[in-house]
Amino acid sequence: MSAAPTVRAVIARHCRELLADPLLHGEPTLRDIAAQCHQPLRVLLVGNVSTGKSTLLNALIAGPLAATDFEETTSSVTWYHGPELTDPVLPDPGHRSVTTDFPLAGRVMLGDSPGLNTLSDNPRETLRMLGGSDLTGAAAAFVCVLVGGRVDQWAEGLEELAAFSAGPFDLVGNIVAVMAKVDEVDEAVEDIERRVSGDTTATFRFAAVNQLMAAAARTGAVDDRIVATLGRLRTLPVLHGRSAPAWDRLAEEAGTSLPPGHLKALEQAVGAPAWLPALVAATAGMTTTGAVAEQFERTSRIRSLEAVLSDLADDSDLFTSTAAVLRLRRLAARLKPGPAALVRARLADLTATMHTSGLHRRAAARLVRHTDVGSGLTEHEREAAQALLRWPDAEADGGASPASSPASPPSPAPSPDTSAADGDTSDRTTAAEVDAGAVLARWTAYEADPFRDSRSREVAALVIETARHRLRTTTRQEES
């Protein structure tokens with residue numbers, strides 16, 4: 001592996017050197033960018049009031065730390081992080097931080113933000129993080145919580161967020177649209193995904209989650225009452241019909257065979273009863289709270305969302321560096337001429353290095369993995385291209401490639417994929433296993449197709465250049 005510093009580390013060093021200049025001493029944005037580059041990937045949860053955003057956060061952090069209610073409960077941005085990050089620098093003095101251990105701790109910082117559809121002043125804190133202000137880019141990735149499988153009221157916001165995050169190829173991959181309260185939607189998750197993806201031109205990842213079930217499983221809400229209630233419901237004929245009955249019908253059928261509060265506890269942990277028949281069937285024979293909680297977690301699809309976030313964290317250097325470069329550009333735009341010139345000069349130094357070229361290659365690898373770039377090629381040929389693009393020594397070529405302009409910051413690629421294996425990189429092809437000559441031949445033919453779109457041709461050019469560099473390197477090694 002290459003011993004070269006991460007791009008984040010290089011950016012942080014430039015920010016510290018700028019802070020040492022009297023014209024920029026104490027500049028809070030520079031200080032925060034330097035801190036961001038040394039922190040786990042910052043992921044901000046955004047959404048309207050009562051979308052279940054804080055409940056989803058509790059599921060992700062595996063504890064009831066975020067207040068939940070049908071009313072507005074979040075008044076400021078709160079960042080949740082693992083215990084290894086002590087006294088973290090936060091984007092704004094008004095933000096809070098909470099130390100807690102959770103499945104993704106150490107890889108991401110999760111931010112809970114005020115809901116947007118309220119007349120209070122709280123949404124201003126969220127809006128400062130989303131576009132055009134001094135805090136834009138302080139979060140490198142976003143989880144946008146939607147309800148009802150619709151983005152009609154969110155379409156413009158998603159598109160603006162994508163535009164503020166754009167890099168080369170005019171694409172982003174740092175936005176995750178989460179269909180929350182999926183238990184209330186009488187529609188297959190795959191159908192929701194297709195409809196949501198067609199409602200806006202913005203590109204984003206997608207996940208559907210029953211956050212109530214996920215939070216119940218991870219916060220200890222699955223107790224003996226729920227286990228006993230599932231066992232009793234399994235005996236009711238009404239639960240074996242074509243559709244799930246309403247909760248009041250279930251209460252009527254169960255009668256006095258269930259103690260008071262038992263059915264209500266299950267309702268609070270499951271939500272709408274649409275998924276109840278499948279849950280009852282899946283927990284057949286389970287008599288312990290641990291086993292039932294495991295099934296709640298599995299059924300809730302929270303692991304699919306975590307796989308997407310884990311996949312983003314795999315490329316934390318790419319996403320954080322992209323956000324940092326964009327923040328530096330916006331900072332230069334609002335500073336006075338003298339300090340602005342200093343920041344722009346540093347940006348020119350940054351974007352001219354081979355490190356930035358390496359980010360472009362990794363962004364292209366995400367495109368090949370998550371989009372239709374390379375369609376028509378075999379899965380092995382696509383995986384081989386990804387392995388070469390992620391090959392650390394490819395950065396030794398130096399400079400920017402024809403497909404990656406130094407003036408453009410790096411950008412990740414979008415994907416709708418939410419499979420549990422999405423974040424698993426253990427079975428990826430490695431660069432050492434790749435036949436660079438075969439990659440060069442197949443992707444040269446791919447690029448030559450006159451019907452390819454410009455994005456596909458640009459990525460193909462990067463693959464071809466990297467394959468040629470690999471062949472040159474192999475030849476030199478053999479000769480020596």
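Just so we're clear, the structure is a prediction, and the values are computed from it rather than from any experiment. Values below: all heavy atoms of this structure, side chains included; hydrogens, waters and symmetry mates excluded.
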List the atom of [X], the atom of [Y], and the distance in Å for their closest heavy-atom pair.
| X | Y | value |
| --- | --- | --- |
| Ile33 | Cys15 | CG2-SG, 3.6 Å |
| Leu312 | Ala141 | CD1-CB, 4.1 Å |
| Phe102 | Gly82 | CE2-N, 4.2 Å |
| His38 | Ala12 | NE2-CB, 3.4 Å |
| Ser375 | Arg382 | N-NH1, 3.5 Å |
| Leu41 | Ala313 | CD2-N, 4.0 Å |

Kindly indicate whether the side chain of [X], heavy atoms from C-beta on, has any atom under 4.5 Å from the side chain of [Y].
| X | Y | answer |
| --- | --- | --- |
| Val89 | Asp32 | yes |
| Leu104 | Ser310 | yes |
| Val176 | Phe142 | no |
| Ser97 | Tyr80 | no |
| Val463 | Tyr446 | no |
| Pro83 | Leu85 | no |
| Gln39 | Met109 | yes |
| Leu359 | Phe319 | no |

Any chance you could lay out the side-chain contact (heavy atoms from CB on, under 4.5 Å) test for Leu30 and Leu328, step after step, and finish with the verdict?
CA-CA 8 Å; Leu30 284 174; Leu328 286 170; 3.6 Å; yes
Working to the nearest 0.5 angstrom, can you tell me the gap between [X] [atom1] and [Y] [atom2]?
| X | Y | atom1 | atom2 | answer |
| --- | --- | --- | --- | --- |
| Leu146 | Asn48 | CG | CG | 9.0 Å |
| Thr444 | Asp449 | OG1 | CG | 13.0 Å |
| Leu331 | Leu24 | CG | CG | 7.5 Å |
| His81 | Leu110 | NE2 | CG | 11.0 Å |
| Leu44 | Asn174 | CG | CG | 11.5 Å |
| Gln211 | Ser300 | CD | OG | 9.5 Å |

Determine whether Val145 and Met179 satisfy the following criterion, side-chain contact (heavy atoms from CB on, under 4.5 Å), listing intermediate values before the conclusion.
CA-CA 6 Å; Val145 184; Met179 173 58 209; over 6 Å; no
Does this structure show an ion pair linking [X] with [Y], if we count only N-O contacts that are shorter than 4.0 Å?
| X | Y | value |
| --- | --- | --- |
| Glu17 | Arg346 | yes |
| Lys336 | Glu27 | no |
| Glu306 | Arg218 | yes |
| Asp435 | Arg442 | no |
| Arg470 | Glu465 | no |
| Arg455 | Asp372 | yes |
| Arg16 | Asp21 | no |

Quick check: are there more than 12 heavy atoms from other residues, nucleotides or ligands sitting under 6.0 Å from [atom1] of [X]?
| X | atom1 | answer |
| --- | --- | --- |
| Asp453 | CG | yes |
| Arg452 | CZ | yes |
| His380 | NE2 | no |

Using only atom types and a distance under 3.5 Å, with no angle test, would you say the side chain of [X] pairs donor to acceptor with the backbone of [Y]?
| X | Y | value |
| --- | --- | --- |
| Thr371 | Leu367 | yes |
| Asn210 | Met213 | yes |
| Asp317 | Val7 | yes |
| Arg303 | Glu297 | no |
| Ser113 | Leu45 | yes |

For Asp112 and Ser54, run side-chain contact (heavy atoms from CB on, under 4.5 Å): C-alpha distance rounded to whole Å, both residues' side-chain angles, the deciding distance at 0.1 Å, then the answer.
CA-CA 7 Å; Asp112 190 17; Ser54 293; 3.1 Å; yes
[Y] versus [X], side-chain donor and acceptor atoms under 3.5 Å:
| X | Y | value |
| --- | --- | --- |
| Arg96 | Ser76 | no |
| Thr473 | Arg468 | no |
| Thr378 | Glu381 | yes |
| Arg107 | Ser316 | no |

Name the one of Arg31, Arg327, Arg8 that satisfies side-chain hydrogen bond (donor to acceptor under 3.5 Å, both in side chains) with Gln36?
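In the set Arg31, Arg327, Arg8, the residue that makes a side-chain hydrogen bond (donor to acceptor under 3.5 Å, both in side chains) with Gln36 is Arg327.
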Given Arg369 and Asp311, is the salt bridge (charged side-chain N to carboxylate O under 4.0 Å, His left out) satisfied, shown in steps?
CA-CA 11 Å; Arg369 184 181 181 202; Asp311 177 63; 2.8 Å; yes
List the steps and the verdict of side-chain contact (heavy atoms from CB on, under 4.5 Å) for Glu383 and Leu377.
CA-CA 10 Å; Glu383 288 180 355; Leu377 299 177; over 6 Å; no
